[in-house]
Structure formats: structure tokens, C-alpha cells
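Shown next, in C-alpha cells, is the structure this report addresses.
FYI, side chains are in, hydrogens and waters are out, and symmetry mates aren't considered; it's all heavy atoms of this structure.
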Amino acid sequence: YQEGNFIEQSNKKSFELLEKACNNGDQEAMYLFAEALRKGTICDQDLNRAAFLHKKNSENGNIDSIYLYAKMLEKGEGVEKDIEKAAQNFKLAADCEKSEAIIRYSEMLMNGEGVEKNINESYIYLNKAVEKGNPEALYKMGLKLINNNSLQNRNKAKEYFKKAALKNHVASEYYYG
């Protein structure tokens, strides 16, 4: 109903069906319903309810909800802002190989946001996302290396920028040239 493929498009019907599936415990439906509430796509935006559903779904082990609940905690969207809990949730999603969470948790470790500052662990996490080929991680690792004046590091940075640029990462295209 949301897309209107082969049937008449109806946000109301989409909302009702997602809510019903969500209430029946369907994790994917709960994620989609929470996102509809967070973004206000097929209904009025309700950040409190979205945060509640992402939290509940994260307790069921849904990695995408863990990551989005962490973002909501970090920004104070629909919940009280709590950087420490956000970091815990980013770490949980990062340890489940969610690339965006790996990158964000790495940044938190680098800056000591919500966790004790740990530069070595920050690089370990960022490297996990680099190994997965995540363009943003490749770019960030390239930046870290280019800031070191070693020729070897600058050449390695160029390799990272090239890999990211080949994945259409615009900022990397600038550095790669």
C-alpha cells in the first residue's frame, strides 16, 4: 500500500498494516513502523513512540534498531539525551558488524564521547569498517593517514581514497584527484 504497486497507494492502510504486524511481534515490521514514526513518512512524526519501538526492537536483537536507537539517544530524539547509553548501543551494533555503527563508535572512542578515550581501539574499530569496504570508513582512514607526514602513510591514504572514490564517495574523489 505504501508504494501503490498493483494496488491503490494508501498511507493510512500502510500504517494500519505495519502497526498490526508490529503489535504481533514482527521485527522487520517493528523496524519499518518505528522508522515511519521517526521520519513521519506515512503518518505524523512521533519521535517518542519511534524511540520506544526501536528500543523494544533492539532488545529483541534487531541490529538496525539498535543503531537507530543509539542515534536517537545521542541526539535526544524522543528520549532523553544520553551519550553513554548511545555509545553502549553503538558498540553493540558495531560488534554485530553494522558499518555505520562501527564508524560512529570509532569516532566516539577517538574523541572520548560517552566512553573513555582510546585511540588504539578507535583505529581497530575503524579498520573493521575499512575491511568491509565501507566508503566512509575508507575516507576517514585516508584522512587519518594523510595527516601523518610519512610518504608511506600518504601512499596508503591515496589507496583508501581511490577505493572510496570508486564507490562514488565524493570527498574521496577530491583527495584522490
Side-chain angles (χ1 to χ4, degrees), residues 15 18-19 21-147 157 160 163-164 167-172:
F15 181 84
L18 272 177
E19 185 174 36
C22 173
N23 291 337
N24 288 331
D26 183 300
Q27 283 191 17
E28 183 64 18
M30 190 176 294
Y31 166 78
L32 292 171
F33 189 55
E35 279 302 276
L37 290 164
R38 186 175 73 88
K39 295 177 180 177
T41 51
I42 61 171
C43 57
D44 291 335
Q45 187 179 48
D46 185 342
L47 293 175
N48 293 333
R49 192 168 176 199
F52 172 81
L53 290 171
H54 276 309
K55 181 178 190 271
K56 183 176 178 181
N57 208 24
S58 68
E59 291 166 355
N60 293 329
N62 184 288
I63 305 308
D64 292 323
S65 281
I66 294 169
Y67 171 70
L68 288 166
Y69 183 59
K71 284 178 64 172
M72 294 181 87
L73 283 165
E74 181 179 32
K75 295 177 183 176
E77 292 180 345
V79 291
E80 187 175 326
K81 186 175 184 172
D82 190 329
I83 300 299
E84 289 81 17
K85 281 185 185 177
Q88 291 169 3
N89 279 276
F90 280 125
K91 182 182 186 321
L92 185 58
D95 289 343
C96 292
E97 304 298 317
K98 177 83 174 160
S99 290
E100 297 88 344
I102 294 170
I103 294 167
R104 184 62 191 118
Y105 186 62
S106 170
E107 292 169 346
M108 294 178 99
L109 286 164
M110 181 64 72
N111 300 320
E113 298 173 69
V115 293
E116 187 175 324
K117 186 174 184 172
N118 188 327
I119 294 170
N120 290 334
E121 191 174 354
S122 172
Y123 276 103
I124 290 168
Y125 271 91
L126 184 58
N127 197 52
K128 286 182 182 184
V130 165
E131 289 172 358
K132 292 173 68 76
N134 181 283
E136 185 67 17
L138 291 162
Y139 170 71
K140 287 181 183 281
M141 187 65 86
L143 286 178
K144 290 181 185 311
L145 292 171
I146 206 165
N147 288 328
Y160 287 133
K163 288 178 183 178
K167 295 180 181 206
N168 299 318
H169 190 275
V170 176
S172 292

Report yes or no: does [X] contribute a side-chain atom to a donor-acceptor pair with the main-chain N or O of [Y] at less than 3.5 Å?
X	Y	answer
Lys75	Lys81	no
Ser106	Ile102	no
Asp26	Glu28	yes
Gln27	Asn60	yes
Asn127	Val130	no
Ser65	Asn57	no

Taking all non-hydrogen atoms of both residues, which atom of [X] and which atom of [Y] are closest, and how far apart?
X	Y	answer
Ala36	Cys43	O-SG, 3.7 Å
Leu109	Glu121	CD1-CG, 3.7 Å
Ala50	Leu37	CB-CB, 3.9 Å

- prompt: Between Glu35 and Arg38, is there a salt bridge with N-O shorter than 4.0 Å?
  reply: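 Looking at Arg38 and Glu35, the cut-off is met.
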
message: Any carboxylate oxygen within less than 4.0 angstrom of a Lys/Arg side-chain nitrogen, looking at Lys85 and Glu80?
response: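 Between Glu80 and Lys85 there is no salt bridge, as every charged N stays at least 4.0 Å from the carboxylate O atoms.
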
- request: Could you tell me which residues satisfy side chain to side chain donor-acceptor pair (under 3.5 Å) with Gln88, sequence neighbours excluded, listed by chain and number?
  value: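 Gln88 satisfies side chain to side chain donor-acceptor pair (under 3.5 Å) with no other residue.
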
Answer yes or no: are there more than 12 heavy-atom neighbours, outside [X] itself, under 6.0 Å from its atom [atom1]?
X	atom1	result
Lys163	NZ	no
Lys98	NZ	yes
Asn147	CG	yes

- request: Would you check if Ile83 and Met108 make a side-chain contact, meaning some heavy-atom pair closer than 4.5 Å?
  value: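 The answer is yes; the side chains approach within 4.5 Å.
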
query: Going by the salt bridge (charged side-chain N to carboxylate O under 4.0 Å, His left out) test, which pairs reach into residues 102-120, not counting sequence neighbours?
result: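 Output for this query lists Glu74-Arg104, Arg104-Glu107, Arg104-Glu113, Glu107-Lys140.
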
Ring pair (Phe, Tyr, Trp, His ring centres under 6.0 Å) contacts touching residues 79-108 (sequence neighbours left out):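 Matches after skipping sequence neighbours: Tyr67-Phe90, Tyr105-Tyr125.
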
